[in-house]
Amino acid sequence: MKHLLMAVSGPSGVGKGTIVKTLIGRRADVVESVSCTTRAPRSGETHGKEYFFLTKEEFTTRLENDDFLEYDEHFGNYYGTPKSFVEETLKTKSVILEIDVVGALRVKEKFPETALVMIVPPSVEELENRLKGRGSETEAEIENRLARLSFELAQQDKYDYVIVNDDLERAIGEVEAILDGAYRK
Ligand code: 5GP
């Protein structure tokens, strides 16, 4: 069976991380891509697990060698999706990128066969409650995330699949069905 490159996006707090991590824990034939970054590792982070930690020079060299499907700058550091890692892994497994809308659309430009999957909340109110319930963000951060939400949701029609996360198991099942080729666009 042909292996699939899938980019999973969705607003913060929508549960995309849980969906992706649960699915990967269950399936030996699917892995999550490991990005490269120039930021320093946080305590507990390992090279090759959370990220490939590179110096600015190493990142620039790889950029010049066209080894990123996409890259961006966040908080003064560079982050990129490594093309060689994704291409090598795709020979034996499907690869999931958990990536924002802008990054996902850039990947699709370079790799048109990428399946773009957006996870959306059942309603904006529901997501607002979920974000507040997490208790990990301040009021201002929640406002910020909600403002970004409308931008992200507005990009839905550029996506190949939109999955409503009102039921975790059903949402995981839908992502698996896409990976297994059960849905065709
Ligand atoms: P952190 O440093 O907290 O792990 O991540 C900071 C930001 O970088 C997050 O918004 C995360 O989504 C983003 N990020 C992580 N990896 C990549 C990547 O490969 N490409 C892009 N464009 N952004 C990334």
Side-chain angles (χ1 to χ4, degrees), residues 4-24 30-90 93-121 127 130-131 134-138 140-156 158-159 165 175:
L4 192 69
L5 178 60
M6 175 185 280
V8 177
S9 312
S12 174
V14 80
K16 57 185 183 298
T18 308
I19 292 172
V20 171
K21 303 256 165 348
T22 309
L23 194 147
I24 281 168
V30 185
V31 296
E32 190 170 2
S33 165
V34 180
S35 293
C36 296
T37 182
T38 59
R39 84 152 161 76
R42 297 184 187 127
S43 83
E45 286 184 334
T46 320
H47 183 77
K49 193 158 173 265
E50 288 78 12
Y51 287 105
F52 293 110
F53 296 97
L54 306 182
T55 62
K56 272 216 162 102
E57 291 68 33
E58 287 167 335
F59 196 98
T60 307
T61 303
R62 289 181 70 155
L63 188 59
E64 284 164 2
N65 292 335
D66 192 31
D67 188 31
F68 291 114
L69 285 176
E70 62 77 44
Y71 77 101
D72 212 341
E73 191 181 343
H74 300 280
F75 318 110
N77 289 303
Y78 291 105
Y79 294 79
T81 306
K83 191 156 84 178
S84 47
F85 175 89
V86 169
E87 282 177 345
E88 267 313 300
T89 311
L90 277 175
K93 291 170 182 194
S94 289
V95 179
I96 297 185
L97 315 172
E98 213 189 301
I99 194 169
D100 72 310
V101 170
V102 177
L105 294 174
R106 281 187 192 146
V107 171
K108 181 94 175 174
E109 260 171 42
K110 278 208 174 171
F111 232 127
E113 62 271 35
T114 308
L116 296 187
V117 177
M118 183 176 286
I119 312 291
V120 298
L127 183 69
R130 250 192 246 178
L131 280 174
R134 287 209 297 210
S136 54
E137 281 95 4
T138 64
E141 279 166 345
I142 290 173
E143 283 310 313
N144 213 334
R145 286 178 193 274
L146 289 175
R148 210 182 144 69
L149 176 70
S150 55
F151 164 75
E152 287 180 350
L153 295 182
Q155 313 295 312
Q156 272 181 58
K158 297 182 183 145
Y159 272 64
N165 188 19
V175 177

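For this chain, numbers begin at 1 and follow the sequence in order. Every number for a ligand or one of its atoms is a count from 1 in the order of the listing. Remember, it's a predicted structure, so these values are computed and weren't measured experimentally.
- Under 4.0 angstrom from ligand 1, the non-hydrogen atoms of Arg39 all belong to its side chain.
- Scanning all protein heavy atoms for the shortest distance to atom 23 (N) of ligand 1 gives His74 NE2, 3.1 Å.
- Residue Ile99 places every heavy atom at 4.0 Å or more from ligand 1.
- Not close to ligand 1: Phe68, with no non-hydrogen atom less than 4.0 angstrom away.
- Classification of the Tyr51-Phe53 ring pair by plane angle, with boundaries at 30° and 60°, yields perpendicular.
- Between the side chains of Ser9 and Tyr159, a donor-acceptor pair is found at a separation under 3.5 Å.
- Of the protein's non-hydrogen atoms, the one nearest atom 15 (C) of ligand 1 is Tyr51 OH, 3.3 Å.
- Among protein heavy atoms, atom 16 (N) of ligand 1 sits closest to Ser35 OG, 3.5 Å.
- The shortest heavy-atom distance from Gly103 to ligand 1 is not under 4.0 Å.
- One finds the CG atom of Asp100 at 7.0 Å from the CD atom of Glu70 (value rounded to the nearest 0.5 Å).
- Rounding to the nearest 0.5 angstrom, the gap separating the OG1 atom in Thr46 from the CZ atom in Phe52 is 11.5 Å.
- Distance remark: protein heavy atom not present below 4.0 angstrom from atom 12 (O) of ligand 1.
- Within the 4.0 angstrom cut-off, atom 9 (C) of ligand 1 has no protein heavy-atom neighbours.
- Of the inter-residue distances, the one linking Glu50 atom CD with Glu32 atom CD reads 10.5 Å to the nearest 0.5 angstrom.
- The closest protein non-hydrogen atom to atom 14 (N) of ligand 1 is Tyr79 CD2, 3.8 Å.
- Near Asp72, with a cut-off below 4.0 Å to any heavy atom, the atoms of ligand 1 are 22 (N).
- Closest to atom 20 (N) of ligand 1 by heavy atom, among Arg42, Glu70, Arg106, is Glu70.
- Side-chain contact of Thr37 with Asn77: a donor-acceptor pair under 3.5 Å is absent, judged by distance alone.
- Checking Val107, Val102, Val101 one by one against Leu105, the side chain to side chain contact (heavy atoms under 4.5 Å, CB included) holds for a single residue, Val101.
- Between His74 and Tyr79, the ring planes are perpendicular. Angles over 60° get that label, and only those under 30° would be called parallel.
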